[in-house]
Amino acid sequence: MKRNDSCWCGSGKKYKKCHLDFDERIDGMTFSKKKGQLKPPHKLINNAGDIEKIKRAAEINTGALDLAGSLVKAGIDTLKINDAVHEFIVGHGGHPSCLDFEGFPKSICISVNDVVCHGIPSAETILQDGDILNIDITTDVDGFFADASRMFTVGKISPEAEKLVRVTKEIMEVGIAAAKAWHFVGDIGAACGKLAHENGYSVVTDLGGHGVGKDFHLEPFVSHDCASETGMLLVPGMVLTVEPMINAGKKNVVVDEDDGWTVYTEDGSLSAQWEKTILITENGVEVLAS
Ligand code: MF3
Ligand code: CO
Ligand code: CO
């Protein structure tokens, strides 16, 4: 690309006034093979217009999570929460991205107690006093996606469950704080893993976070327990999720053989997860969906 060409990012600006310095900075870096360090491809970089579109999806997604949380109470079945959230998202001009995603049968994921993630809402899953649950919602509008999840609790929960939910949120936050432009994605997993292990918890590594924005799941894979300075270089304009899945017991997970989706802890221990969609900027991160 020449200096006076229109920049590859789609901003409409000249390359020399847009991503020329950016490309030169990346080309001047050395990437360690041993650490699995990778250059970020241009397709992962979002311009200002792309970010605005992700924010539109995020606004609906945040409202959907607020609504879902307001419905959590003992006695409600998780299908009712799914159906109300579906109506909300569609009513606000969004699309619930989970519906039919690789055959997923419902609009959102609701994962109770020992369910790690991808719990399928069901009339048979009735929330009970003492339960902890993750509600994970993704919304797309005009081809752009925002993905976030939160934990909720029902009635009086055990001190162990309370701590797991609270510390898992802190684990997500330290992961987000470790995400820095011109550093590597592995820094996120190093920070998350450290805090998890300090608390005696295990980190699920079969699943992780991901790039998001122009599609539901993009590169890079975001591990929540790995060595620092590994994986893809983070650069301004990248959008990704940080979504640690933390188990009170062992890290091993199993997928339900019948439905092909529900991920459980193998040992039956409690699991918690929080997720935000973040934008990498030159001076830190901006939370786009939470
Ligand atoms: N929202 C989940 C994530 O955080 C993905 C759910 S995929 C589904 O990446 F098919 F289970 F809905
Ligand atoms: Co999600
Ligand atoms: Co996600």
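The shown structure was predicted, so the numbers you read here are calculated from the model rather than taken from an experiment. Nothing fancy with the numbering, it's 1 onward along the sequence. Counting starts at 1 for both ligands and their atoms, following the listed order.
- For ligand 1 and T138, the ligand atoms under 4.0 Å from any heavy atom of the residue are 1 (N).
- Nearest to atom 4 (O) of ligand 1 among the protein's heavy atoms is E243 OE1, 2.8 Å.
- In this structure, D147 counts as a contact residue of ligand 1, since one of its heavy atoms falls inside 4.0 Å of the ligand.
- Between W8 and F22, the ring planes are tilted. Angles from 30° to 60° get that label.
- The number of heavy atoms from other shown groups lying within 6.0 Å of NZ (K17) does not exceed 12.
- If you look at C109 next to ligand 1, the close heavy atoms, those under 4.0 Å, all belong to the side chain.
- The N/O atoms of W261, backbone and side chain alike, include none that comes under 3.5 Å of an N/O atom in ligand 1.
- For the Co ion (ligand 3), the nearest N, O or S atom contributed by H210 is named NE2.
- Under a 4.0 angstrom heavy-atom cut-off, E102 registers as lying outside contact with ligand 1.
- When distances to the Co ion (ligand 3) are checked against a cut-off of 2.8 Å, E275 contributes an N, O or S atom below that limit.
- In summary, H217 places no N/O/S atom under 2.8 Å from the Co ion (ligand 3), failing the contact criterion.
- Within the 4.0 Å heavy-atom cutoff, K106 does not count among the residues contacting ligand 1.
- Near E275, meaning under 4.0 Å from any of its heavy atoms, are these atoms of ligand 1: 4 (O).
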